[in-house]
Amino acid sequence: MYTVGIVWSNLMVPDTIAGYPMYLRFPWNADVVLVALPYVYIGFRLQDIIINSKNVNKNKYLATGIVAIGAITITAYGFISGKLNFLIDMRYSVYKNWLLTLVIPVCFFTVLFLLSKALEKIPVVNNLLFYIGDATLIIMYLHLMIKDCIVIPMCGEEYSIWLYLLISIVISMGVYFISKISPLTKWLLNGK
């Protein structure tokens, strides 16, 4: 399925979405499943390691993190220097490199996982990130509307990504707080 998704992208999807005709787009981005399934499978296979991560040797964590950061750095250098054409955009099904489309997201996950393992030892940061993590569904659904309805009218097209991030999280966390008020708001706003 992964290979079919990559081949489809290379044959049918332009490097930019500007020339991507509507008749080639799958309903509800169903073609994204072709490429996303390996990520889900890798996460499923690593579930035991993730859950039982307290039993893993810290040297293995360090070595894994160094390899992941190294792969990300080499890819970034190749892309920035123009020696490597690496495009990945799951929203528009743009995947132009068979190997790196799989490896680089897994490397980013690895770095984020190891960073979160380090941050969980700091109680204040751990609690804050847990609370934000619990609201990710609301953040995911509101961030584009917040950008279009608040950030761009307030700051224009040249807005700061950090301001956008802050405004999106603060407003989304407010909606999340409201969603916790009653079972009805929890169901309506958070799907639980």
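Two different hydrophobic clusters hold Phe113 and Phe130 under the rule that ILVMFWY side chains link at heavy-atom gaps under 4.5 Å. Note on Leu137: it does not cluster hydrophobically with Val40, by side-chain heavy-atom contacts below 4.5 Å among ILVMFWY residues. Note on Ile152 and Trp162: same hydrophobic cluster, where clusters join Ile, Leu, Val, Met, Phe, Trp and Tyr whose side-chain heavy atoms are under 4.5 Å apart, directly or indirectly. Two different hydrophobic clusters hold Val170 and Ile178 under the rule that ILVMFWY side chains link at heavy-atom gaps under 4.5 Å. Taking hydrophobic clusters as Ile, Leu, Val, Met, Phe, Trp and Tyr residues chained together by side-chain heavy-atom distances below 4.5 Å, Val67 does not share a cluster with Leu99.
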### Query
What's the verdict on side-chain contact (heavy atoms from CB on, under 4.5 Å) for Asp134 and Lys180, showing C-alpha distance, side-chain angles and the deciding distance?
CA-CA 11 Å; Asp134 201 35; Lys180 300 290 236 172; 3.9 Å; yes
### Task
Begin from the C-alpha positions of Val106 and Ile42 and carry the test side-chain contact (heavy atoms from CB on, under 4.5 Å) through to its verdict.
CA-CA 8 Å; Val106 171; Ile42 291 168; 3.8 Å; yes
### Message
Using the rule given for ring pair (Phe, Tyr, Trp, His ring centres under 6.0 Å), can you reason through Tyr164 versus Tyr159, listing the C-alpha separation, both sets of side-chain angles and the distance that settles it, and then say yes or no?
### Response
CA-CA 7 Å; Tyr164 168 47; Tyr159 58 86; 5.5 Å; yes
### Task
Take Leu163 and Met154 through the side-chain contact (heavy atoms from CB on, under 4.5 Å) test and state the conclusion after the steps.
CA-CA 11 Å; Leu163 181 64; Met154 188 172 78; 4.2 Å; yes
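Annotation: the span from Lys121 atom NZ to Ser116 atom OG amounts to 10.0 Å, rounded to 0.5 Å. To the nearest 0.5 Å, atom CG of residue Leu84 and atom CG of residue Asn97 are 6.0 Å apart. To the nearest 0.5 Å, atoms CG (Leu34) and CE (Met1) are separated by 5.0 Å. With values rounded to the nearest 0.5 angstrom, Ser168 atom OG is found 13.5 Å from Met140 atom CE. Distance check: Phe108 CZ to Thr110 OG1 gives 11.0 Å after rounding to the nearest 0.5 Å. For the atom pair OG1 of Thr101 and CG of Asn10, the computed distance is 8.0 Å after rounding to the nearest 0.5 Å.
Formation of a donor-acceptor pair under 3.5 Å by the Thr185 side chain with backbone atoms of Ser182 is found in this model. Distance alone, capped at 3.5 Å, is enough to place a donor-acceptor pair between the Ser9 side chain and the Ser93 backbone. Asn126 places no side-chain N or O within 3.5 Å of a backbone atom of Ile122 that could act as its donor or acceptor partner.
The shortest distance between side-chain heavy atoms of Ile6 and Leu102 does not fall below 4.5 Å. In this structure, the side chains of Ile88 and Ile104 stay at 4.5 Å or more apart for every pair of heavy atoms. Counting only heavy atoms from C-beta outward, the side chains of Tyr131 and Met173 approach each other to under 4.5 Å. Residues Leu142 and Met145 have side chains in contact (heavy-atom distance under 4.5 Å, counting atoms from C-beta outward). Taking the side chain as every heavy atom from C-beta outward, Tyr61 and Lys117 approach each other to under 4.5 Å. Two residues are said to be in side-chain contact when any heavy atoms from C-beta on lie closer than 4.5 Å; Leu165 and Ile161 fail this criterion. Side-chain contact between Tyr95 and Asp89 is absent, with no heavy atoms from C-beta onward closer than 4.5 Å. Residues Leu114 and Leu62 fail the side-chain proximity criterion, which asks for heavy atoms closer than 4.5 Å.
Across every non-hydrogen atom of Ile146 and Ser172, the tightest pair is CD1-OG, 3.7 Å. Between Lys147 and Pro153 the shortest heavy-atom distance is O-CD, 4.1 Å.
Between Phe109 and Tyr39, the ring center distance fails the sub-6.0 Å criterion. Taking the ring centroids of Tyr2 and Trp98, they lie under the 6.0 Å cut-off.
At most 12 non-hydrogen atoms from other residues, nucleotides or ligands lie less than 6.0 angstrom from OH of Tyr41.
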